[in-house]
Amino acid sequence: MKKKLTRFDLQEMKDKGEKVVWMTAYDFITAQLAEESGMDMLLVGDSLGMAVYGYPGTVPVTMDQCIYHTEAVRRGAPNTFIIGDMPFGAYQTGVRQACRNAVRFHKEAAVDCIKLEGGVRVADVIRAISDGGMLVMGHIGLTPQSSGAQGGFRAQGRTAESARAIIEDARAVSEAGAFSVLVEGVPPEVTEAIMKEIPIPVYGIGAGLCDGQVMICSDILGLFQAFTPKFVKKYGNVAEEYRKVFSAYVDDVKQGRFPGREHTYKMIEGEAEKL
Ligand code: KIV
């Protein structure tokens, strides 16, 4: 049986230069298959707003939606380190609200840690949750919940001034007690500078090589159709497989080819004659 990683394993992997691989999952079946495939961690990201609910961004996602999906993922991957993603509105109105929602994630969905977006501006929240005995992963750089303030879903840290602010965010997150940090959508030079600056694991999405990588499940499957960010590598074209399967099923039913006799139940011997 697979052994679930702990924060100490993750730190040791960093220290030994062993990469950590993770992706998002939002449902039971995907979580089961991911655990079987040797995924180190799973994130039930608020990207479920786009990947599952069809919202234009992550802002409308609620705490309840995150909890429901995380519960399902936990059932599918009981031996995987699971990260619950704090949605927009779950930690913006104060430390007490943030701690209450972090506790909900642990009690209702059995997460191993929570992730939240922001650096310097959320340091007090990270400290309070960590002081409450819960693990926090920071998320800096491109932060989709504040894409309005960042001028859309666009790379961050491309000027020295903006890069310095992100490095400052990384320092604040680490000093506040986060056990790791996710860096999104920044040039690799910025990620390298962050790795020199802080001792905790640095994971990336669209941030070049670091201690580990996360990808959005529907992106690597080739399932998400709306757009493909530059940093995505598609490992399959599952959307095409879906289309093939769905249209073959439609054709079969319309043409009376399905269900066949082999897909039906047999009556108990002698009972059909009594009809
Ligand atoms: O919600 C999410 O899927 C994320 C990704 C950027 C990893 O935070």
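Counting begins at 1 with the first residue of the sequence. Order of appearance sets the numbers: ligands from 1, and atoms from 1 within every ligand. None of these values were measured; they are calculated from a predicted model.
At a 3.5 angstrom cut-off on N or O pairs, Tyr26 does not count as close to ligand 1. Distances between N or O atoms of Glu184 and those of ligand 1 include no value under 3.5 Å.
Among protein heavy atoms, atom 3 (O) of ligand 1 sits closest to Ser47 OG, 2.5 Å. Shortest contact from atom 8 (O) of ligand 1 to any protein heavy atom: Lys115 NZ, 2.9 Å. For atom 1 (O) of ligand 1, the nearest non-hydrogen atom of the protein is Asp46 OD1, 2.9 Å.
Defined by atom type and a distance below 3.5 Å, a donor-acceptor pair is present between the side-chain atoms of Thr143 and Gln150. Using modelled atom types and a 3.5 Å distance limit, the side chains of Thr80 and Lys2 yield a donor-acceptor pair. Between Ser47 and Tyr26, the side chains place a donor N or O and an acceptor N or O closer than 3.5 Å (distance only, hydrogens not considered).
Panel note: side chain Thr191, backbone Gly208; no donor-acceptor pair is recorded below 3.5 Å. In this structure a side-chain-to-backbone donor-acceptor pair under 3.5 Å is missing from Glu189 to Arg158. At distances below 3.5 Å, at least one donor-acceptor pair connects side-chain atoms of Lys19 with backbone N or O atoms of Cys210.
Residue Gly45 approaches ligand 1 through these ligand atoms, each under 4.0 Å from one of its heavy atoms: 1 (O), 2 (C), 3 (O). Close approach of ligand 1 to His139 (heavy-atom distance below 4.0 Å) involves ligand atoms 6 (C), 8 (O).
Of the heavy atoms in Leu48, none comes closer than 4.0 Å to ligand 1. Contact annotation for Thr24 and ligand 1: only side-chain heavy atoms (C-beta onward) come within less than 4.0 Å of the ligand.
Of the options Leu43, Asp219, Ile83, Leu116, the smallest heavy-atom separation from atom 5 (C) of ligand 1 is shown by Leu43.
Taken together through direct or relayed side-chain contacts under 4.5 Å among Ile, Leu, Val, Met, Phe, Trp and Tyr, Tyr235 and Met39 form part of one hydrophobic cluster.
For the pair Glu117 and ligand 1, no heavy-atom separation below 4.0 Å is found.
For the side chain to side chain donor-acceptor pair (under 3.5 Å) test with Tyr91, the passing option among Gln97, Arg100, Glu117, Gln145 is Gln145; the others fail.
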